[in-house]
Amino acid sequence: MEHTYTDSRIIKTHCSRMDHGGCGLLVEVNEGRIIKIKGDPQCPIGHGYVCPKALASAKRSIHPDRLTRPLLRQGARGEGQWKPISWEEALQTIAERLNRIRRKHGPEAVVFAQGAPKGLEHFVLIRLANVFGSPNVCGPQHVCHMPREIAGLLTVGFLPVPDYDSPASLILNWGSNLLNSNEEGIICLRLIESVKRGADLIVVDPRKTHLATIAQNHLQIKPGSDIALALGLIHIIIREGLFDHGFVEQWTVGFQELQEQVEAFNPERVAELTWLTPEEIVQTAWTYATSRPAVIQWGNALEHTVNSLQTCRALLCLMAITGNLDVPGGNILPSMPPVARLADFVKAALLPEKVQKMLSRAFNLAPNFMVVPPPMVVQAILTNNPYPVRAMVAQVTNPLITNSDARRTYEALMRLDLLVVSEIFMTPTAALADIVLPAATGFEFDDIGHYGLAQGWISSRPKIVDPPGESWPDIKILNELGKTLGHAEHFWEDYHQALDEVLAPAGMNYDQFKERGVLKGKEGYKKYEAIGFKTSSKKVELFSRQLEDWGFDPLPAFSEFPGVSLEYPLLATSRKSPHFFHSAYRQIPFLRKKHPEPKMEIHPAAARILGLGEGDWARIITPTGQIEQTVHLSEGQDPRVVFLDYGWWFPEEDVVSLFDWDRSNLNILTASEPFEPAMGTPNLRAFPCRIEKGPSKK
Ligand SMILES: Nc1nc2c(c(=O)[nH]1)N[C@H]1C(S)=C(S)[C@@H](COP(=O)(O)OP(=O)(O)OC[C@H]3O[C@@H](n4cnc5c(=O)[nH]c(N)nc54)[C@H](O)[C@@H]3O)O[C@H]1N2
Ligand SMILES: Nc1nc2c(c(=O)[nH]1)N[C@H]1C(S)=C(S)[C@@H](COP(=O)(O)OP(=O)(O)OC[C@H]3O[C@@H](n4cnc5c(=O)[nH]c(N)nc54)[C@H](O)[C@@H]3O)O[C@H]1N2
Ligand code: SF4
Ligand SMILES: [Mo]
């Protein structure tokens, strides 16, 4: 019988926690349950867009497998035996054990870990670490955003983001697939609108994505060779005099050195390195340099090789010498609204020695981004080098699936004296914990979106429904843990005060912010004309003295990394799925039905040689490990390239196998070395592999 709803209300909010969030939503609620989710056409961020993940978010909230009570491990680590305990007991136990470890090994022996930030909890976690005295907050930023952000800070003094508010003449879409990823709240609809308004589109991607099919040009690049293409484009733009002479003269340093650096990257050489044709390279250089304004939509794929920082530097040089920085329709510096300064909110002043003490201190750049790359934490746990790490407090992360070299990550987590994991579902990582804390998630508590992400706006995400059972928002968990650890003076009586603290400089509290929905910074372009660029020379540093002082290449440079061999003849790469967020949501039938199994995409010609047919299981093997995925034949990529699915585990399998965490998990194949020398990025794309027919013989 159909249920009739009596008193339904529509609440305006912002999508949250299915990814980084952003889209304005109209959520219909009845009797405490979400019954319908629609995009809000009035939202200045999403323009009414809504994706499959958001449509599934109500189902996630009421999923029967949600964690609802704090759990204490019984028996051996990973045996899957738990005892429900009260929050009081959980917090007391964690606090006692953390304080014991702090007394014995020092506060740096406790690592605070988070994956991709979802909301305010990331910054409350950093605050807790600073208050506790640990310099070690661990996160995946070395493969997510920091290569772009740090390259941006060094080169132009900010992270340039694409401006879709003003029309562009050309979009150069490079290693990004907004149609699947809507990365960092840059919603794909904005890019599509810009194309419809007349912008030309060039896509640089080893795969024929949907965007590539609607583009004027698709450069089907060899995975991992983006730096060579960027240097090749700079070579032609300088050689042909296509650069913005006025801007280069007035606003850059190191142009001469850059010109010498790219001398060797002529179209013929670049064509060999990238599998493109010299004509494609020359034409792209001309089109990019002569279309004004032109915007580079750059993505995460550029941050997944040992050339991550230098690739991003090269793209910044392109934006600069063509005069596309901070102009309407180009790559701009968004001004943030007047919210609390990050350093104040995280109480950075409590730990002035943080940079000297971080596990990543040897990486001159890594300390700049507040977080330690996970491989360094793994190394310290396993070797006590540079010092012992004995405990991890983790939230919003599933490192057994998302860290490079997953098996070594497993060994490290097994070795800890204490692992606390805050989660919404039991995951392979949570299954190894001593204490699992049930977290509330999107729609279940008041949150602020995009604080600290430098996109120029923040959004409100008011609570709409109650969280299940005894689950708590991560902000509340951290706030209560901070007080239980004995640091009440640095925390709040009630976690809602954290939200008010962020908003205070804007002259409003959370209730007033909820009414506003989105708070944007001041608009305006070419801010550098008044104050210069925020670099030491006040100009764009094509040549970076700072990098030179630190012992790194001061000019965007190309370094070779392990290529294919007879034993490992194919190049593997990956991309994000539109239906999942990294390792999450495979337990939600609405999403799983759209993508039931891990799929490897391979060209029919390559598959034929290997005897593989559509739907077969195949083993993918690298020097680090082997996994299995199903075969999907696709002419969308070069026969020398395979696209692997990323983020797989099987929530339907049993907990003792850690939900078959190592059967199809891409990161069983990846290594943490070699890595980018300044910030530790390993090769997650463009790694050589071998493929054989049949499932693993486990
Ligand atoms: N090989 C390879 N590795 C990669 C990448 C790649 O492309 N290839 N991508 C990298 C990138 S860009 C990133 S950002 C990282 C991501 O790495 P992670 O952030 O570790 O990835 P997720 O799978 O999103 O893990 C988040 C976990 O948080 C849980 N969760 C969701 N909402 C909440 C909440 O509100 N509270 C709490 N406590 N938990 C919640 C989810 O159930 C999920 O298990 O992975 C990196 N690793
Ligand atoms: N649905 C969904 N949305 C997400 C996420 C998710 O897991 N699922 N994750 C979020 C996070 S944390 C991030 S960082 C972003 C990332 O989102 P994006 O920046 O879009 O990154 P990816 O999807 O990893 O890869 C983008 C494109 O790079 C291509 N590619 C692969 N290898 C190479 C290469 O060597 N060179 C070039 N030029 N291109 C290559 C892929 O084919 C793909 O089309 O997405 C965010 N949004
Ligand atoms: S793209 Fe992200 S923010 Fe937008 S509806 Fe989908 S999950 Fe939500
Ligand atoms: Mo990411």
Side-chain angles (χ1 to χ4, degrees), residues 16-20 51-53 60 67 113-119 121 139-145 173-186 188 203-212 219-226 229 297-305 311 374 394-404 406 421-430 437-442 444-445 447 471 473-474 477 571-585 587 636-637 641 643-644 646-647 649 665-667 669-670 682-687:
S16 72
R17 294 178 174 269
M18 292 309 282
D19 55 23
H20 300 112
C51 81
K53 301 198 304 304
R60 173 184 66 165
L67 294 166
Q114 163 143 14
K118 294 247 167 88
E121 79 291 340
Q141 280 76 0
H142 66 312
V143 294
C144 180
H145 249 263
N173 187 88
W174 200 331
S176 164
N177 188 17
L178 286 186
L179 255 41
N180 282 11
S181 67
N182 299 287
E183 197 202 9
E184 295 270 313
I186 305 176
C188 61
V203 169
V204 186
D205 198 305
R207 190 159 172 276
K208 203 170 188 64
T209 57
H210 180 71
L211 275 182
L219 303 188
Q220 197 158 24
I221 192 167
K222 174 185 178 186
S225 69
D226 301 273
L229 175 61
Q297 170 61 54
W298 51 349
N300 191 221
L302 304 172
E303 302 180 304
H304 285 179
T305 73
T311 307
Q395 65 180 18
V396 202
T397 187
N398 192 4
L400 271 195
I401 309 296
T402 56
N403 267 14
S404 55
V421 175
S422 156
E423 250 299 346
I424 57 176
F425 293 111
M426 187 57 79
T427 62
T429 304
L437 301 174
T441 190
E444 298 169 355
F445 65 100
D447 191 16
S471 53
D474 291 293
I477 298 173
L571 270 187
T573 187
S574 68
R575 68 194 183 287
K576 310 290 190 266
S577 158
H579 304 118
F580 305 122
F581 192 74
H582 304 284
S583 75
Y585 315 143
Q587 59 282 85
Q637 73 274 310
V641 174
F643 265 85
L644 303 180
Y646 149 69
W649 57 286
N665 172 5
L666 169 53
N667 279 320
L669 304 177
T670 58
N683 281 326
L684 301 180
R685 318 259 166 151
F687 57 88

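The model shown is predicted, which means the values in this text are computed figures rather than measured ones. Throughout, residue positions are numbered sequentially from 1 according to the sequence presented. Just so you know, ligand 1 is whichever comes first in the structure, and atom 1 is the first atom listed for that ligand. Worth knowing before you read on, the calculation uses all heavy atoms, side chains too, and leaves out hydrogens, waters and symmetry mates.
- The heavy atom nearest to atom 22 (P) of ligand 2, out of those in H20, Q297, K576, is found in K576.
- Remark: ligand 2 and F580 share an N or O pair separated by less than 3.5 Å (distance only, no angle test).
- Note on ligand 2: S574 sits in its first shell, one or more heavy atoms being nearer than 4.0 Å.
- Judged by the shortest distance from any of its heavy atoms, S577 lies inside the 4.0 Å radius around the atoms of ligand 2.
- At least one N/O-N/O distance between G224 and ligand 2 falls below 3.5 Å.
- Considering backbone and side-chain N/O of K222, none are found under 3.5 Å from N/O of ligand 2.
- Each of the atoms 37 (C), 38 (N), 39 (N) of ligand 1 lies under 4.0 Å from some heavy atom of S422.
- In terms of polar-atom proximity, defined here as any N/O pair under 3.5 Å, V204 does make such a contact with ligand 2.
- Nearest to atom 28 (O) of ligand 2 by heavy atom, out of A301, A584, A686, is A301.
- Here the heavy atom of the protein found nearest to atom 1 (N) of ligand 1 is N667 OD1, 2.8 Å.
- Between D226 and ligand 2, at least one N/O pair is under 3.5 Å apart.
- Two rings, from Y585 and H579, have their centers 6.0 Å or more apart.
- Considering backbone and side-chain atoms alike, A439 places every N or O at 3.5 Å or more from each N or O of ligand 1.
- Only the backbone of N180 comes within contact range of ligand 2, with a heavy atom under 4.0 Å; no side-chain atom does.
- Contacts between P578 and ligand 2, counted as non-hydrogen atom pairs separated by less than 4.0 Å, involve the backbone only.
- For ligand 2, the polar-atom distance check against D19 finds no nitrogen or oxygen pair separated by under 3.5 Å.
- Within the 4.0 Å heavy-atom criterion, neither part of H304 lies near ligand 2.
- Looking at R207 next to ligand 2, no N or O pair under 3.5 Å apart turns up.
- Residue T670 has no N or O atom closer than 3.5 Å to an N or O atom of ligand 1.
- There is no side-chain donor-acceptor pair under 3.5 Å between E121 and Q395.
- Atoms of ligand 1 lying under 4.0 Å from any heavy atom of F581, numbered from 1 in the order shown and given with element: 23 (O), 24 (O).
- At a heavy-atom cutoff of 4.0 Å, ligand 2 is contacted by the side chain of F643 but not by its backbone.
- For atom 12 (S) of ligand 1, the nearest protein heavy atom (residue, atom name, distance) is N300 OD1, 3.2 Å.
- Of the protein's heavy atoms, H582 CE1, 3.5 Å lies nearest to atom 11 (C) of ligand 1.
- Ion pair D447/R17 flagged as a salt bridge, since at least one NZ, NE, NH1 or NH2 atom sits closer than 4.0 Å to an Asp/Glu carboxylate oxygen.
- With respect to atom 25 (O) of ligand 1, the closest heavy atom belonging to the protein is N398 N, 3.5 Å.
- For atom 18 (P) of ligand 1, the nearest non-hydrogen atom from the set T402, L400, L437, D474 belongs to T402.
- In the candidate list L219, D205, I186, D205 is nearest to atom 29 (C) of ligand 2, counting heavy atoms.
- The closest side-chain donor-acceptor pair between S422 and D474 falls under 3.5 angstrom.
- The shortest N or O to N or O distance between N182 and ligand 2 is not under 3.5 Å.
- Around atom 43 (C) of ligand 1, the closest heavy atom drawn from R575, E423, E303, R685 belongs to E423.
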TODO: Go through the steps for W649 and N665 under the test side chain to side chain donor-acceptor pair (under 3.5 Å), then give the verdict.
DONE: CA-CA 6 Å; W649 57 286; N665 172 5; over 6 Å; no

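- Not a single N or O atom of T427, backbone or side chain, sits closer than 3.5 Å to an N or O atom of ligand 1.
- Ring pair H304/F687: centre-to-centre distance not below 6.0 Å.
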